[in-house]
Number of protein chains: 2
Amino acid sequence: MSVTVKDIARVAGVSTATVSRSLRGLETVSAETREHVLEVAHRLEYVGSPAAAALSTGKAGSVGIITPYVDRWSFGRMLGGIERELRAANVDLLLYCTGDPSDPHPLLPHKRLARRADGFLILSVAAESPDLEEIFKLRMPLTMIGASAPWTSSVRIDDRDAAATAIGHLVERGHQRIGLIYGREKANPIVLEHQRYLGFSDAMERAGLELDDSIQAPGGFTVAGGEEAMVRLLDAEQAPTAVFAFSDEMAFGALQAMRRRGLRPGYDIAIVGFDGHDMSGLLDLSTVSQPLELIGATAARNLLADMNDPSRERKAVVLPTELVPRGSTVRDQ
Amino acid sequence: MSVTVKDIARVAGVSTATVSRSLRGLETVSAETREHVLEVAHRLEYVGSPAAAALSTGKAGSVGIITPYVDRWSFGRMLGGIERELRAANVDLLLYCTGDPSDPHPLLPHKRLARRADGFLILSVAAESPDLEEIFKLRMPLTMIGASAPWTSSVRIDDRDAAATAIGHLVERGHQRIGLIYGREKANPIVLEHQRYLGFSDAMERAGLELDDSIQAPGGFTVAGGEEAMVRLLDAEQAPTAVFAFSDEMAFGALQAMRRRGLRPGYDIAIVGFDGHDMSGLLDLSTVSQPLELIGATAARNLLADMNDPSRERKAVVLPTELVPRGSTVRDQ
DNA sequence: TTGTACGCGTTATCAG
DNA sequence: CTGATAACGCGTACAA
């Protein structure tokens, strides 16, 4: 097999305990002994066994990230922030993708999940999700992103307020018939959806406007889905004069649908998206921008802190969003 | 601490060996014993320790994926394909991000990498990269994506041919002055870049056209970088009539730059990108589309096969690409 | 079909 | 400062 601490101990003429201590840089070893051990280890091309270390210490040396999707733009950005922090702390990153949260999916794989990591980052999964109960029961350090539960740390934006701001922007510009492209079909919506919907209805009510189901459709958070949804809105008996989409990607699809019909964003119909996608500027799409990398990094840092000090008080961080008005809502003055 | 096989054995009145066998569904246990053990395990809420299992069997039960970037669109798509296959096989996914390959980065973390996973998926890293030597030395199952080495499996597209096709398309449409937006600044390019560049120059030569450095610029594979690069091309003493970008995202940036100057894609300047990005249709961008999820899935499946049978012959799979002509290259007939 | 007992590679607890 | 030695939790020859 491969080189172990035993081999090093034998060659270096010390005990395995001393080898272990030297390797980990504990101060309780004389400098010269350590030097020697390190030299031998290097010469033998020693590579430690994380499994053995994990078994011995009880710490896996990694955190798991649980997410319903992996190929969405916003996920990539968050992941970037998370990865950076984790790498800096030298902990491994395990990725678990649960698939669409509205499916009755086969639960978060096995409970094996538990022992794999020392803590978890949970993305956009409703705290009430039955799947999560299993995780909560583990009583491990947890940080939720895009949702929150009283007994875990969380990092998120104020989805409700942000959505209301977007609608407020449209109302200000004189729109009275405002359509909506939301995410999943009804049941078990991911949290942020629910919050954004509340913000939407808050603002509509405040403006004295009626909610009309015929101009609301699900876009599944994809470009193609957004396009389909927009087609439905346009085909409604009375089409909307403005549309709010729960994600920029869906808004892009909506723009596509409009273009196919010769409708000009901002003139014929106003559109505002959500995320602050790289490409929203290019498409001149108004959007509510959120600091995704920062959200990821903040969550990761928080989780690491919780892991190091389990008694640490749980934190619920709320990061700011920003409305970015562009041509898709301001041309039609 | 937590429930172990020993606890189950005691409660169920059998040996730990029988517990282990039952838990893993080995056929060498009587049905009724197994039932009983499973029932007890369930009742005790037993959760196995992957670390212990790994230590005992020598298999980590996971594969590592090594990538220079994590927030690029194409990566998300590949990851989707990879994740699906891995999940189906019930193996964990470890993510290692190396950062920009042209930096002299601190090597692929530690060698600890080795024992963490049973195999690795390596994305877009040059086989000649010094970092990889360390990995190769491990003699573990490896599958490269977007690059290849004779002694490992690999899955890729024919970047050279694909790039040549894109240029051929432009040449066909009468373009003689063709600019290029490539990725990283010179040194240590990721492999696909080199290949695409070769395809570019192949086709240029074949058409009897000259390469002109003044209309070639790096865009760093980002939208913003693509925009900057395009500005440089437009400001060249003699601007190009057509531009080929190594990624759709950079092409999007180029479109942005054109729009800011009132230039119409397909009329004033033709543009063709690379990837088959979700949004290329929306922006009417001609592109060379590659089957990213399939690439990821194929690579993952291949790696799993190599892991199960180390003597398995290494495979080098080349998947097809497709030129998708759109308005950005065909309007100016 | 089932049980015994040892090994996997580290870390941690004691003595010394 | 260093060395035995006992865990850590599971898999698996080997024996019964």
Side-chain angles (χ1 to χ4, degrees), chain A residues 1-38 40-41 44-62 90 92 110-118, chain B residues 1-38 40-41 44-62 92 110-118 138:
Chain A
M1 302 297 276
S2 51
V3 183
T4 75
V5 283
K6 250 181 207 154
D7 299 314
I8 301 182
R10 188 166 27 74
V11 174
V14 297
S15 72
T16 60
T18 300
V19 172
S20 176
R21 287 190 278 250
S22 302
L23 253 23
R24 290 181 298 149
L26 298 194
E27 287 308 322
T28 61
V29 188
S30 78
E32 82 180 315
T33 307
R34 176 170 44 233
E35 293 292 320
H36 178 54
V37 170
L38 257 32
V40 172
L44 264 41
E45 296 191 337
Y46 168 77
V47 179
S49 159
L55 183 55
S56 188
T57 61
K59 314 248 111 240
S62 59
N90 196 24
D92 283 338
H110 309 285
K111 310 189 178 182
R112 299 187 59 97
L113 243 178
R115 315 310 246 349
R116 283 285 190 197
D118 304 321
Chain B
M1 304 293 278
S2 50
V3 183
T4 76
V5 284
K6 247 182 208 156
D7 299 313
I8 301 182
R10 188 164 29 73
V11 174
V14 298
S15 74
T16 60
T18 300
V19 172
S20 176
R21 288 190 277 250
S22 302
L23 253 24
R24 289 179 307 138
L26 297 195
E27 287 308 321
T28 62
V29 189
S30 78
E32 82 180 313
T33 306
R34 175 169 44 232
E35 293 293 320
H36 178 54
V37 170
L38 257 32
V40 172
L44 265 43
E45 296 191 334
Y46 169 76
V47 179
S49 158
L55 183 56
S56 188
T57 61
K59 313 248 113 238
S62 58
D92 283 337
H110 308 287
K111 310 187 177 182
R112 298 187 60 95
L113 243 179
R115 315 309 233 19
R116 281 284 191 199
D118 304 321
L138 269 29

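Chain A is the first sequence line, chain B the second, and so forth, proteins listed ahead of strands; every chain is numbered from 1.
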message: Heavy atoms within less than 4.0 Å of DNA chain C: which residues of residues 14-24 of chain B have one? Give them sorted by number.
response: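 The stretch gives B:Val14, B:Ser15, B:Thr16, B:Ala17, B:Thr18, B:Arg21 as the residues lying under 4.0 Å from the strand, ordered by number.
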What nucleotide, of [options], holds the atom closest to the side chain of [X]?
X       : options               : answer
A:Val29 : D:dC10, D:dC8, D:dT2  : D:dT2
A:Ser30 : D:dG9, C:dT11, D:dT2  : D:dT2
B:Ser56 : C:dG9, D:dT2, C:dC8   : C:dC8
A:Ala53 : C:dT10, D:dT2, D:dC10 : C:dT10

message: Rounding to 10°, can you tell me the angle the first-five-pair axis of the helix from C:dT1-D:dA16 to C:dG16-D:dC1 makes with its last-five-pair axis?
response: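 Axis angle across the helix from C:dT1-D:dA16 to C:dG16-D:dC1, nearest 10°: 30°.
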Please tabulate, one pair per line, all N/O donor-acceptor pairs under 3.5 Å involving side-chain atoms of residues 16-26 of chain B, not counting sequence neighbours.
from, atom 1, to, atom 2, distance (Å)
B:Thr18, OG1, B:Ser15, OG, 3.3
B:Ser22, OG, B:Thr18, O, 2.8

query: Excluding sequence neighbours, so at least two apart, what forms side chain to side chain donor-acceptor pair (under 3.5 Å) with B:Thr33?
result: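 With neighbours one apart ignored, the set is B:Ser30.
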message: Just to verify, what does A:Thr57 make a side chain to side chain donor-acceptor pair (under 3.5 Å) with, not counting sequence neighbours?
response: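 A:Thr57 satisfies side chain to side chain donor-acceptor pair (under 3.5 Å) with no other residue.
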query: Atom CG of B:Leu55 and atom C1' of D:dT12: how far apart are they, to the nearest Å?
result: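 Answer to the nearest Å: 14 Å.
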- prompt: A:Arg115 has an atom CZ; how far is it from atom P of D:dC8, in whole Å?
  reply: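 Nearest whole value for this atom pair: 12 Å.
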- request: State which residues pass side chain to side chain contact (heavy atoms under 4.5 Å, CB included) with A:Ala54; sequence neighbours excluded, sorted by chain then number.
  value: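 With sequence neighbours excluded, A:Ala54 shows a side chain to side chain contact (heavy atoms under 4.5 Å, CB included) to B:Ala51, given in chain and number order.
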- request: Please identify each residue that fulfils side chain to side chain contact (heavy atoms under 4.5 Å, CB included) with B:Thr4, with sequence neighbours left out.
  value: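 If we apply the side chain to side chain contact (heavy atoms under 4.5 Å, CB included) test to B:Thr4, skipping adjacent residues, the hits are B:Lys6, B:Asp7.
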query: A:Asp118: what forms a salt bridge (Lys or Arg N to Asp or Glu O under 4.0 Å) with it, not counting sequence neighbours?
result: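 For A:Asp118 there are no salt bridge (Lys or Arg N to Asp or Glu O under 4.0 Å) partners, ignoring immediate neighbours.
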query: Judged by modelled atom types alone, do B:Ser62 and A:Arg116 share a side-chain donor-acceptor pair under 3.5 Å?
result: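 There is no such pair between these side chains.
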